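The model shown is predicted, which means the values in this text are computed figures rather than measured ones.
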Amino acid sequence: MNAAQVLVRHYHGDTAGRLTLSYEARFLRRRVLTTDDGEDILVDLEQTSSLDHGDALVLEDGRHIAIAAAPEPLLEITGDNLVRLAWHIGNRHTPCQVEATRLLIQPDHVIRDMLGKLGATVIERVEPFTPEGGAYGHGRTHSHAH
């Protein structure tokens, strides 16, 4: 088993493998993960980190392992006033993938109901989830309980 101890943001070089992980699984510090090709890797980062689609881990032997966002159940939100809908989602500290014509969030029946009352169309989808980072363009958003 190789150990990965370095995270490279937005890596564009050659990779020796790939880890396809859900949004929740991409938040870690120390854990054994299995690449898409079946290689076990001990991830042992200096601090808890949010791995983003397109990042890479550097193994102790110098190889790079790409990070990919796995398809997962999501809610696709569309509507006449997407900015207003995005504001309500953000006001609840809900991770959200923002696109020009839609928003994507993880399933939440309370937020789904709220968005419906605001006139949104909400459809279930299964896609990779790459939400916006924190206020300074990186990290994760958290509930009020953080």
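Using a 4.5 Å cut-off on side-chain heavy atoms (C-beta onward), T48 and F27 make contact. The closest side-chain heavy-atom distance from E127 to L104 is below 4.5 Å. Between R112 and E124, the closest side-chain pair of non-hydrogen atoms falls below 4.5 Å. A heavy-atom distance below 4.5 Å is not found between the side chains of N2 and L42. The shortest side-chain heavy-atom distance between I111 and I105 falls under the 4.5 Å cut-off. Using a 4.5 Å heavy-atom cutoff, the side chains of E72 and S22 are in contact. Annotation: side chain of Q5 is not in contact with side chain of L45 (no heavy-atom distance under 4.5 Å).
Atom OG1 of T78 sits about 11.5 Å away from atom CD of E99, to the nearest 0.5 Å. Note that CD1 of I77 is 12.0 Å distant from OG1 of T101, once rounded to the nearest 0.5 Å. Distance CZ/R102 to CD1/I123: 9.5 Å, rounded to 0.5 Å.
The side chain to side chain contact (heavy atoms under 4.5 Å, CB included) check on H10 picks up H12, D55, with sequence neighbours excluded.
Dense packing is recorded around CZ of R9, with more than 12 heavy atoms of other residues, nucleotides or ligands lying under 6.0 Å away. Within a 6.0 Å radius of CG in D14, no more than 12 heavy atoms belonging to other residues, nucleotides or ligands are found. Within 6.0 Å of the CG atom in D80, the count of heavy atoms belonging to other residues, nucleotides or ligands does not exceed 12.
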> Can R18 and D37 be said to form a salt bridge (charged side-chain N to carboxylate O under 4.0 Å, His left out), step by step?
Replying inline: CA-CA 8 Å; R18 182 177 65 195; D37 294 331; over 6 Å; no

> Would C96 and V98 satisfy side-chain contact (heavy atoms from CB on, under 4.5 Å), going step by step from the backbone distance to the final call?
Replying inline: CA-CA 6 Å; C96 182; V98 179; 4.1 Å; yes

>> As a quick check of understanding, evaluate side-chain contact (heavy atoms from CB on, under 4.5 Å) for L57 and H64, giving each step before the final call.
In response: CA-CA 6 Å; L57 294 170; H64 288 73; over 6 Å; no

>> For a side-chain contact (heavy atoms from CB on, under 4.5 Å) check, start with the C-alpha distance between Q97 and E132, then their side-chain angles and the critical distance, and finish with the verdict.
In response: CA-CA 6 Å; Q97 182 173 326; E132 292 293 316; over 6 Å; no

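A continuous path of ILVMFWY side-chain contacts below 4.5 Å connects L7 to I41, so both sit in one hydrophobic cluster. In the hydrophobic clustering of ILVMFWY residues, with side-chain heavy atoms under 4.5 Å counting as a link, L33 and Y11 come out apart. At a threshold of 4.5 Å between side-chain heavy atoms, the hydrophobic network of Ile, Leu, Val, Met, Phe, Trp and Tyr places L75 and M114 in one connected group. By the rule that hydrophobic residues join a cluster once side-chain heavy atoms approach within less than 4.5 Å of another member, V6 and V43 end up as members of separate clusters.
Nearest heavy-atom pair across A69 and P128 is O-CB, 3.5 Å. Contact detail for A4 and L59: the closest heavy-atom pair is CB-CD2, 3.7 Å.
Looking at E46 and R30, no side-chain N of the basic residue comes within less than 4.0 Å of a carboxylate O on the acidic one, giving no salt bridge. A salt bridge between R31 and E24 is absent, with no side-chain N of the basic residue lying under 4.0 Å from a carboxylate O of the acidic one. Between D52 and R26, no side-chain nitrogen of the basic residue sits less than 4.0 Å from a carboxylate oxygen of the acidic one, so the salt-bridge criterion is not met. Salt bridge annotation for E39-R63: present, with a cationic side-chain nitrogen under 4.0 angstrom from a carboxylate oxygen.
Results of the side chain to side chain contact (heavy atoms under 4.5 Å, CB included) test with L115 over L103, D108, L85 single out L85 as the only residue that passes. With I67 as reference, L19 is the one residue of L19, T15, V8 to meet the side chain to side chain contact (heavy atoms under 4.5 Å, CB included) rule.
Listed for the D36 side chain is a donor-acceptor partner under 3.5 Å among the backbone atoms of T20. Checking side-chain atoms of H53 against main-chain N and O of T130 turns up no donor-acceptor pair under 3.5 Å.
Between Y23 and F129, the angle of the ring planes goes over 60°, which puts this pair in the perpendicular group of the 30/60° scheme.
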